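Remarks on the structure that follows.
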Number of protein chains: 2
Amino acid sequence: MELAPTFVNSSESYRDAHLEVDFGHKTVVLDAGHLVLTRKEFELLAMLVQHAGDIIPRETLLQRVWGYSREIRTRTLDVHIRRLRRKLGAYSGQYIETIFGIGYRFQPFRSARHLQPRLSQFAIGA
Amino acid sequence: MELAPTFVNSSESYRDAHLEVDFGHKTVVLDAGHLVLTRKEFELLAMLVQHAGDIIPRETLLQRVWGYSREIRTRTLDVHIRRLRRKLGAYSGQYIETIFGIGYRFQPFRSARHLQPRLSQFAIGA
DNA sequence: GCCGTTTTTACAAAATCTTTACAACTCCGC
DNA sequence: GCGGAGTTGTAAAGATTTTGTAAAAACGGC
């Protein structure tokens, strides 16, 4: 058997010096250790990682990860971002940045770097 | 059933340090001991083993092992998983993992897991 | 009918997600 | 610099969803 099991998404993945995200197998490896993320945490991370470098508005994240209920005015998103950051440990600051008033942005790992100016460009479609 | 006709690729099998599954003859050996599984138990195990390393959604298991009755909202699958685990004894934890909210995954035997920086083992629960 | 297997049922337990209540922080005009 | 309005960060509690189990009922072949 083996013919392309439908449940195995073609394994695309993201990878940099410390982090590896396999979208198909839904696995995350951080510095050789497997990270255990919950479903929402993974979806959120995947969403950010797949648009690395782009700012993703809170609203877009809420729509895509939480369905179209753009009616969540609680801190749900923040709470998930927080858990994600905690699991990313020491690298969290490097990877997930908060774009005040807009949303979040995942940045691929880079050795030495400082924060960018401010208000930037492209945000993925809302 | 049984008589595994020759046209059945009876040579196909899975094997690791402790477990051996012969798909053609539908036999299972665990640490030199012959495991007796019922038909459903075997099919379930086979399904998982043949896709070792991949997460198989509950729905997929229900479809392939139980026919197309997609939405069985009973605990049938869980009950079978439980019996399988029981028969796998001490290795059950190592072999069959639950991917919360999605399904299950069979993981080939891995010798000691010492060399790991930040613990955690498997993948996301997505 | 008997017996081994499979499915249901009915809860218990566990894992995850959301809400709440504040604290902390940013931005911006004064 | 200061202060206020608005935004994000956190911890903890509350809800909800999903999975685990045990026991009993339902099947099916002999």
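So that the names make sense, note that chain A is the first sequence line, chain B the second, and so on, each numbered from 1. Owing to the predicted nature of the structure, the values given are computational and were not obtained by experimental measurement.
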Which of residues 78-85 of chain A sit near DNA chain C, with a heavy atom under 4.0 Å from it? A:V79, A:H80, A:R83

Side-chain donor-acceptor pair under 3.5 Å between [X] and [Y], yes or no?
{"X": "B:D54", "Y": "B:H51", "result": "no"}
{"X": "B:R82", "Y": "B:S92", "result": "no"}
{"X": "A:E97", "Y": "A:Q107", "result": "yes"}

Contacts of B:R15 meeting side-chain hydrogen bond (donor to acceptor under 3.5 Å, both in side chains) (sequence neighbours excluded), chain-then-number -> B:E20

For B:H80, the ring pair (Phe, Tyr, Trp, His ring centres under 6.0 Å) test, sequence neighbours excluded, returns B:W66

If I take atom [atom1] in residue [X] and atom [atom2] in nucleotide [N], what distance separates them, rounded to the nearest angstrom?
{"X": "A:L44", "N": "C:dT16", "atom1": "CG", "atom2": "P", "value": "15 Å"}
{"X": "A:Y104", "N": "C:dT26", "atom1": "OH", "atom2": "C1'", "value": "13 Å"}
{"X": "A:E41", "N": "C:dA15", "atom1": "CD", "atom2": "P", "value": "14 Å"}
{"X": "A:F42", "N": "C:dC17", "atom1": "CZ", "atom2": "P", "value": "13 Å"}
{"X": "A:L62", "N": "C:dC17", "atom1": "CG", "atom2": "P", "value": "14 Å"}
{"X": "A:R75", "N": "C:dA23", "atom1": "CZ", "atom2": "C1'", "value": "12 Å"}
{"X": "B:K87", "N": "C:dG4", "atom1": "NZ", "atom2": "C1'", "value": "10 Å"}
{"X": "B:K40", "N": "C:dT7", "atom1": "NZ", "atom2": "C1'", "value": "9 Å"}

Assign each of B:R86 and A:F100 the nucleotide of DNA chain D bearing its closest heavy atom; nearer the 5' end lies the nucleotide of A:F100

Please confirm whether the shortest side-chain N or O distance from [X] to OP1 or OP2 of [N] is below 4.0 Å.
{"X": "B:T74", "N": "C:dT9", "answer": "no"}
{"X": "A:W66", "N": "C:dT18", "answer": "yes"}
{"X": "B:T38", "N": "C:dG4", "answer": "no"}

Should A:L44 and A:V79 be counted in the same cluster of Ile, Leu, Val, Met, Phe, Trp and Tyr side chains packed under 4.5 Å apart? no

Along DNA chain D, first and last positions that approach a heavy atom of chain A under 4.0 Å: D:dG6 to D:dA11

Answer yes or no: is there a side-chain heavy-atom contact under 4.5 Å between B:R105 and B:L48? no

Heavy-atom side-chain proximity of A:V65 to A:K40 below 4.5 angstrom: yes

Non-neighbouring partners of A:F100 that pass side-chain contact (heavy atoms from CB on, under 4.5 Å), sequence neighbours left out: none

If the test is ring-ring contact (aromatic ring centres under 6.0 Å, His included), which one of B:F23, B:F106, B:Y95 qualifies with B:Y14? B:F106

Which dot-bracket string describes DNA chain C (Watson-Crick N1-N3 plus N6-O4 or O6-N4, or G-U N1-O2 and O6-N3, all under 3.5 Å; [ ] crossing; | other strand)? ||||||||||||||||||||||||||||||

Taking the nucleotide of DNA chain C with the nearest heavy atom to each, does B:L37 or B:L77 sit closer to the 5' end? B:L37

Approximate separation, where rounding is to 0.5 Å, of B:I96 CD1 and B:R85 CZ: 6.0 Å

What's the spacing between A:T27 OG1 and A:L37 CG if we round to 0.5 Å? 9.5 Å

